[in-house]
**Student:** 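I'd like to ask you about the structure that follows.
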Amino acid sequence: MNRQDLLAAMAAIGMRPGRGLGQNFLLDQNLLDCIIRMAEVSQGEQILEVGPGFGALTEKLLAAGAEVTAIEYDNRLAAYLRTKFADTSALHVVEQDACKVDYEALLSLGRFKAVANLPYSISSVFIAKLLECDHAPQSMLFMLQREMGERLAASPSTKSYGALSVRCQLEYDVKVARIVPPEVFHPAPAVESALVSFKRHDKYRSLNRDAAGNLIKLVFGQRRKQMGKVLTRSGLEENLVRKALETAGAQMESRPDALNVRQFAILCSILDDHGRK
């Protein structure tokens, strides 16, 4: 789909891209082909796509042989997709808010991947929701606002490093694969975008994700304060907190953005083991 085709399709359903929904439609065919290659889509593979829009990426995924579950909030676009791909049974359009979908119920698929040009307005909430799934994607490849992509892939002791950085990296190796200029979208966003790759690993398989997520949110919610004080004020015994931090290679005075993902995994594991005794 080129720009002329996109404008014609938009006119046909009487729509303009909604700024509030973060609708920026990807047009560059070479970039779409690159996404399919990077996602390593194979015949019969289950793919979750969010924000399919007019189906430019959807079409490429289907051509690669994937079974695609597409979540589309805009009812006009959902209807358009059902008509455009009426001849294939490999596309399943779900007309719903992606941040409210029960993915455990929807994706009783076993192994699947998530590939999407994500609406910028929902990216952080949606990714956090996926991380909470018992059966999270084996890999993810998302087009994101550059700032968000760099935040998810950030290293410790940087301004971008935060709770979502740690939560993602406990589950995935996260990499900004490519910076993408505004001109490849319609309408062109006011910022650069980034194609971000998430490759699942099993380094911390035994970690209680819910408990770890709660602890990470707690300390980053007060990121300028000493972790020892934050944790003890939450009700944990001071000697336990001190021992857990020291085992992780940190101190009572450490700030959360100084700890790497491995240190957080150690800290969360010790404190969770104590909580279950």
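Predicted model only: the values in this text are computed from it and were never measured.
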**Student:** Sequence neighbours left out, what passes side chain to side chain contact (heavy atoms under 4.5 Å, CB included) with R242? Give chain and number order.
**Tutor:** E238, E246, M252
**Student:** Taking only Lys NZ, Arg NE, NH1 and NH2, and the carboxylate oxygens of Asp or Glu, determine whether R200 and E171 approach each other closer than 4.0 Å.
**Tutor:** yes
**Student:** Kindly give the heavy-atom pair with the smallest separation between L267 and M227, and that separation in Å.
**Tutor:** CD2-CE, 3.5 Å
**Student:** For D173 and K203, run salt bridge (Lys or Arg N to Asp or Glu O under 4.0 Å): C-alpha distance rounded to whole Å, both residues' side-chain angles, the deciding distance at 0.1 Å, then the answer.
**Tutor:** CA-CA 10 Å; D173 292 320; K203 298 173 188 175; 3.2 Å; yes
**Student:** What is the minimum heavy-atom distance between H186 and L7, and which atoms define it?
**Tutor:** NE2-CD2, 3.5 Å
**Student:** Would you say the side-chain atoms of D102 pair up with the backbone N or O of A105, donor to acceptor, closer than 3.5 Å?
**Tutor:** yes
**Student:** Between F112 and Y103, is the gap from one ring center to the other below 6.0 Å?
**Tutor:** no
**Student:** Does the Q263 side chain pair with the main chain of A248, one donor and one acceptor, at a distance under 3.5 Å?
**Tutor:** yes
**Student:** Does E72 use its side chain to pair, donor to acceptor, with the backbone of D74 at less than 3.5 Å?
**Tutor:** yes
**Student:** Hey, does the side chain of T247 reach the backbone of K243 with a donor-acceptor pair shorter than 3.5 angstrom?
**Tutor:** yes
**Student:** Can we say R255 and D257 salt-bridge, meaning some charged N sits less than 4.0 Å from an Asp/Glu carboxylate O?
**Tutor:** no
**Student:** Apply the test side-chain contact (heavy atoms from CB on, under 4.5 Å) to residues R82 and E95: give CA-CA distance (whole Å), side-chain angles for both, the deciding distance (0.1 Å), then the verdict.
**Tutor:** CA-CA 11 Å; R82 292 189 181 104; E95 191 176 322; 3.3 Å; yes
**Student:** Say whether E49 and T69, considering side chains only, have a donor N or O and an acceptor N or O under 3.5 Å apart.
**Tutor:** no
**Student:** Can any side-chain N or O of T88 pair as donor or acceptor with the backbone N or O of F85 at less than 3.5 Å?
**Tutor:** no
**Student:** Tell me if the centroids of the rings in F54 and F25 come within less than 6.0 Å of each other.
**Tutor:** yes
**Student:** Find out if a path of hydrophobic residues (ILVMFWY) with successive side-chain heavy-atom gaps under 4.5 Å connects V125 to F198.
**Tutor:** no
**Student:** Take atom CD of E192 as the centre, draw a 6.0 Å sphere, and report whether it contains more than 12 heavy atoms from other residues, nucleotides or ligands.
**Tutor:** yes
**Student:** Quick one: does Q169's side chain have a donor or acceptor within less than 3.5 Å of a partner on A154's backbone?
**Tutor:** yes
**Student:** Measure from the side-chain N and O atoms of E237 to the backbone N and O of N239, and report whether any donor-acceptor pair falls under 3.5 Å.
**Tutor:** yes
**Student:** Looking at E132 and R167, does any basic side-chain N land under 4.0 Å from a carboxylate oxygen?
**Tutor:** yes
**Student:** Donor-acceptor pair, distance only, cut-off 3.5 Å: does the side chain of Y161 make one with the backbone of L259?
**Tutor:** yes
**Student:** How about R76: does its CZ atom have over 12 heavy atoms from other parts shown lying under 6.0 Å from it?
**Tutor:** yes
**Student:** Taking C168 as the fixed residue, which of V261, V196, L130, L131 is the one that meets the side-chain contact (heavy atoms from CB on, under 4.5 Å) rule?
**Tutor:** L131
**Student:** Does any N or O in the side chain of T158 come within less than 3.5 Å of the main-chain N or O of S155, such that one atom is a donor and the other an acceptor?
**Tutor:** yes
**Student:** Can you list the steps and then say if F220 with F264 is a ring-ring contact (aromatic ring centres under 6.0 Å, His included)?
**Tutor:** CA-CA 12 Å; F220 274 102; F264 267 110; 5.7 Å; yes
**Student:** Do Y73 and I122 come within less than 4.5 Å of each other through their side chains, counting heavy atoms only?
**Tutor:** no
**Student:** Ignoring hydrogens and geometry, is there a side-chain-to-backbone donor-acceptor pair from S123 to L144 under 3.5 Å?
**Tutor:** no
**Student:** What are the two closest non-hydrogen atoms of A265 and L170, and how far apart are they?
**Tutor:** CB-CD2, 3.9 Å
